[in-house]
Amino acid sequence: MGTSKTQVIIVGSGMNSLVCAAVLAKRGKSVLVLERNAVAGGCIRTEELFPGFVHEVMSSWYPLFVSGGAYPELKDDLAGVGVEFLNNGYTTGIVMPDGRSVALRQDIEDSVRRIESIAPGDGQAFGAMAGQLFGKDAALTFGLLGNSPYSWKVARLMFSEWRKRGLDGLMEFGSESIESYRRWAERTLKSDIVRAMMCPWVLHTGLGPDEASSALIGKLTFAAVVAGGMPVVRGGSRNIVQGLQTIIERHGGSVKTGVDVESIRVEGGRATGVLAGGTTYDASEAVVCNVTPPQLYDKLLPNAPEALRQRASAYRFGRGCMQIHFALSSPPAWRDPELLKLPLVHLTESMENVCMSVVQANNGLIPAHSTIAIGQPVAVDPSRAPEGKWILWLQLQEMPSRVRGDALNEIQTPADGRWTETLREAVADRIQARIETVMPGLSASIIGRRAYSPADLESMNCNLVGGDPYSGVCSPDQFFWMRPFAGAKGVRGHRTSCKNVFQIGASTHPGPGLGGGSGYIVAQLLAPK
């Protein structure tokens, strides 16, 4: 049996793991990252699916990272190893099957004017919303998102906000934080196109527009994108994985791939390392796990209390997701040429259609009219495709993990509910036909198409249970103080039932996304400045 020693072992190599390891290594800790797959990166996977075209198979955009807490500490190091983030001055928008569309720039005031020109009153409502998020509520909202919920920082923050707002003010903030998007939008916005433009951003945390907390998440995500843009990594996201790995290694750390950790070794109530493939990897200070709650307490800590294992098994995962990638011989023929400049535009008929699609997917049905996130990475980074050619990055966040039927009764679904290649391609055909209604002549320009079902995504990353890209829905019972769950002895935020074992990743606070937030929080716990 071989052995190796280090201070901190990190299980998994997603964004949070690499950020955690890079920060710890910079602060003088010896770090070892162990990844079960052949390549590091977790949901960051860049591949040349077709010759000359650089595709992001899963995640792609970095607004959360460049606006998060870890970036200032790693910015110069990343730049020093050649990692560059690109914006193009545009952000997002909407296109509807009836031909209506809106394109927004990376500018709150300009976006207010654009929205106001098509929906008088709604532009001002958006401006007021953004002003509150980035003004009155900024310290509280971003303070809660950027720190461990159980830290003294958050306790002091809550006390400070109580002194400023009073109890009634805090209760008002709490009430607004758990409101559904539909309720807020129907009260605040007058235009169906503006409601529909903001609504799909709710989906980017696994919620639906009728669910509690969806208003806060939808408003915050939409406003943050308009203010900060949709940056990508020049040349593909594999460069940030390689960049973070280089930083780790330059400071004495290591990243090993093809190592499937089987269990955490616990002696005297403390973790002493991990076991993987007959090899013991010793950790003198801590083990950090970028895994889901069931993986942590069923696999890695099998001797955890039964009550805790039951809580972990009850952790709720969300709907499945599909990714569809197109390589095109030319840019799509949008009816509004300005849409070619948008990094990400959503296609939907209405807010109500998004609500319906969520319900259909939750009930196991292939939605009749899926909400489609249409990414255009070449609009931001021309190096992703040969000159004059184009890439479409499609994400469908309203897909059933287990399939019970088709809402339109057009697609035959397997009796066992499993995703098959035939089913996946039939859904991809439907989506292709749907986007061709807003991109006339699309089919003639397709060089290649590659689709990934919820089952495909889970096979690539075991944290995407059922194809859920967010490793658990961000409903109030699984968010902030409650993520991944609350009320279990010894489990608070990123702390687990074992004293020196920590959990990070999308299943923990502050939730999913390429922000590196949980990794940064735990790095600060293990190596305070």
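In this text the structure is predicted, and so the values were computed from the model without any measurement. Just so you know, residue 1 is the first one in the sequence shown, and it goes up from there.
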**OP:** Show your reasoning for whether side chain to side chain contact (heavy atoms under 4.5 Å, CB included) applies to Leu328 and Leu442.
**Re:** CA-CA 8 Å; Leu328 305 180; Leu442 172 69; 3.8 Å; yes
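- Between Glu410 and Arg430, the closest side-chain pair of non-hydrogen atoms falls below 4.5 Å.
- Taking each heavy atom of Val33 and Gly12 in turn, the nearest pair found is CG1-O, 3.4 Å.
- With values rounded to the nearest 0.5 angstrom, Ile521 atom CD1 is found 7.0 Å from Ser518 atom OG.
- Contact detail for Val202 and Pro209: the closest heavy-atom pair is CG1-N, 3.9 Å.
- Not a single donor-acceptor pair under 3.5 Å links the side chain of Glu338 to the backbone N or O of Leu104.
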**OP:** Please report the C-alpha distance between Met129 and Lys219 in whole Å, then the side-chain angles of each, then the deciding distance to 0.1 Å, and finally whether the side chain to side chain contact (heavy atoms under 4.5 Å, CB included) criterion is met.
**Re:** CA-CA 8 Å; Met129 177 200 82; Lys219 291 186 294 182; 3.4 Å; yes
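- Below 30°, between 30° and 60°, or above 60°: for Tyr71 and Phe85 the angle between ring planes is above 60°, a perpendicular geometry.
- The neighbour count for Glu186 CD, taken as heavy atoms of other residues, nucleotides or ligands under 6.0 Å away, is above 12.
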Original post:
Does the side chain to side chain contact (heavy atoms under 4.5 Å, CB included) test come out yes or no for Ile411 and Leu423, once each step is laid out?
Top reply: CA-CA 8 Å; Ile411 298 174; Leu423 174 59; 3.6 Å; yes
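- The closest side-chain heavy-atom distance from Ile431 to Ser370 is below 4.5 Å.
- Between the side chain of Arg114 and the backbone N or O of Ala103, at least one donor-acceptor pair lies under 3.5 Å.
- Counting only distance, with no hydrogens or angles, the side chain of Tyr181 and the backbone of Ile217 share no donor-acceptor pair below 3.5 Å.
- Enclosure of atom CD in Glu176 by more than 12 non-hydrogen atoms of other residues, nucleotides or ligands within 6.0 angstrom is indicated.
- If you take OG on Ser101 and CH2 on Trp334, they are separated by 8.5 Å, rounding to the nearest 0.5 Å.
- No donor-acceptor pair closer than 3.5 Å links the side chain of Ser180 to the backbone N or O of Ser214.
- Under the 3.5 Å distance criterion, the side-chain polar atoms of Gln106 are left unmatched by any main-chain donor or acceptor of Asn87.
- With salt bridges taken as basic N to acidic carboxylate O contacts below 4.0 Å, one links Asp98 and Arg100.
- A salt bridge does not link Arg424 with Asp429: none of the charged nitrogens is closer than 4.0 Å to a carboxylate oxygen.
- Using cut-offs of 30° and 60° on the angle between ring planes, the pair Phe126 and Phe222 is perpendicular.
- Although no hydrogens or angles enter the test, the distance criterion places no donor-acceptor pair under 3.5 Å between the side chain of Asp468 and the main chain of Gly320.
- Looking only at atom types and distance, the side chain of Thr371 has a donor-acceptor partner in the side chain of Glu398 under 3.5 Å away.
- Here side-chain hydrogen bond (donor to acceptor under 3.5 Å, both in side chains) pairs that include residues 220-238, with residues two or more places apart or in two chains, are Glu56-Ser237, Tyr62-Ser237, Glu84-Arg234.
- Counting non-hydrogen atoms of neighbouring residues, nucleotides and ligands closer than 6.0 angstrom, the CZ atom of Arg434 exceeds 12 such neighbours.
- Side-chain atoms of Gln432 and Arg449 include a donor-acceptor pair closer than 3.5 Å.
- Salt bridge annotation for Arg182-Asp210: present, with a cationic side-chain nitrogen under 4.0 angstrom from a carboxylate oxygen.
- Of all heavy-atom pairs between Lys389 and Val378, the closest is O-CG1, 4.0 Å.
- Formation of a donor-acceptor pair under 3.5 Å by the Trp393 side chain with backbone atoms of Gln376 is not found in this model.
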Original post:
Does the pair Gln295 and Cys462 meet the rule for a side chain to side chain contact (heavy atoms under 4.5 Å, CB included), with working shown?
Top reply: CA-CA 9 Å; Gln295 290 169 359; Cys462 62; 3.4 Å; yes
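- Between Met322 and Val427 the shortest side-chain heavy-atom distance falls below 4.5 Å.
- The closest donor-acceptor contact from the side chain of Asn88 to the backbone of Ala379 lies under 3.5 Å.
- In this structure, Ser443 and Glu436 have side chains that are in contact, with non-hydrogen atoms separated by less than 4.5 Å.
- Other residues, nucleotides and ligands place no more than 12 heavy atoms under 6.0 Å from the CE atom of Met356.
- Closest approach of Gly318 and Ser401 over heavy atoms only: O-OG, 3.6 Å.
- To the nearest 0.5 Å, the span separating CD on Glu352 from CG on Asp192 amounts to 8.0 Å.
- Between Ile118 atom CD1 and Met197 atom CE the span is 6.0 Å, to the nearest 0.5 Å.
- The number of heavy atoms from other shown groups lying within 6.0 Å of CE (Met460) is above 12.
- Open room surrounds CD on Glu109; 12 or fewer heavy atoms of other groups in view lie less than 6.0 Å from it.
- At a threshold of 4.5 Å between non-hydrogen side-chain atoms, the residues Arg319 and Val358 count as touching.
- Taking the side chain as every heavy atom from C-beta outward, Phe480 and Leu144 approach each other to under 4.5 Å.
- Between Tyr315 and Phe317, the angle of the ring planes goes over 60°, which puts this pair in the perpendicular group of the 30/60° scheme.
- The shortest heavy-atom contact between Ile391 and Val54 is CD1-O, 3.3 Å.
- For Glu387, the salt bridge (charged side-chain N to carboxylate O under 4.0 Å, His left out) test picks out no residue, with sequence neighbours left out.
- With respect to Arg483 and Asp477, no salt bridge is recorded, no charged nitrogen being found less than 4.0 Å from a carboxylate O.
- No donor-acceptor pair closer than 3.5 Å links the side chain of Gln245 to the backbone N or O of Ile240.
- Residues Ile504 and His509 fail the side-chain proximity criterion, which asks for heavy atoms closer than 4.5 Å.
- Between Asn290 atom CG and Ser13 atom OG the span is 8.0 Å, to the nearest 0.5 Å.
- In this structure, CE in Met15 is found 9.5 Å from CG in Leu64, a value given to the nearest 0.5 Å.
- No side-chain donor-acceptor contact under 3.5 Å links Glu179 to the backbone of Leu216.
- Of all the heavy atoms in Gly375 and Trp61, the pair that sits closest is CA-CZ2, 3.8 Å.
- Counting heavy atoms of neighbouring residues, nucleotides and ligands inside a 6.0 Å radius, atom CZ of Arg335 exceeds 12 of them.
- Take Arg450 and apply the salt bridge (charged side-chain N to carboxylate O under 4.0 Å, His left out) test, not counting sequence neighbours, and it matches no residue.
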Original post:
Between Phe53 and His325, is a ring-ring contact (aromatic ring centres under 6.0 Å, His included) present by the stated rule, with each step listed?
Top reply: CA-CA 10 Å; Phe53 292 84; His325 304 282; over 10 Å; no
**OP:** For side-chain hydrogen bond (donor to acceptor under 3.5 Å, both in side chains), just list the numbers for Asp456 and Ser459, CA-CA rounded to whole Å, side-chain angles, deciding distance to a tenth of an Å, and then say yes or no.
**Re:** CA-CA 5 Å; Asp456 295 328; Ser459 70; 4.9 Å; no
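- Put simply, the side chain of Ile374 does not reach to within 4.5 Å of the side chain of Leu342, judged on heavy atoms.
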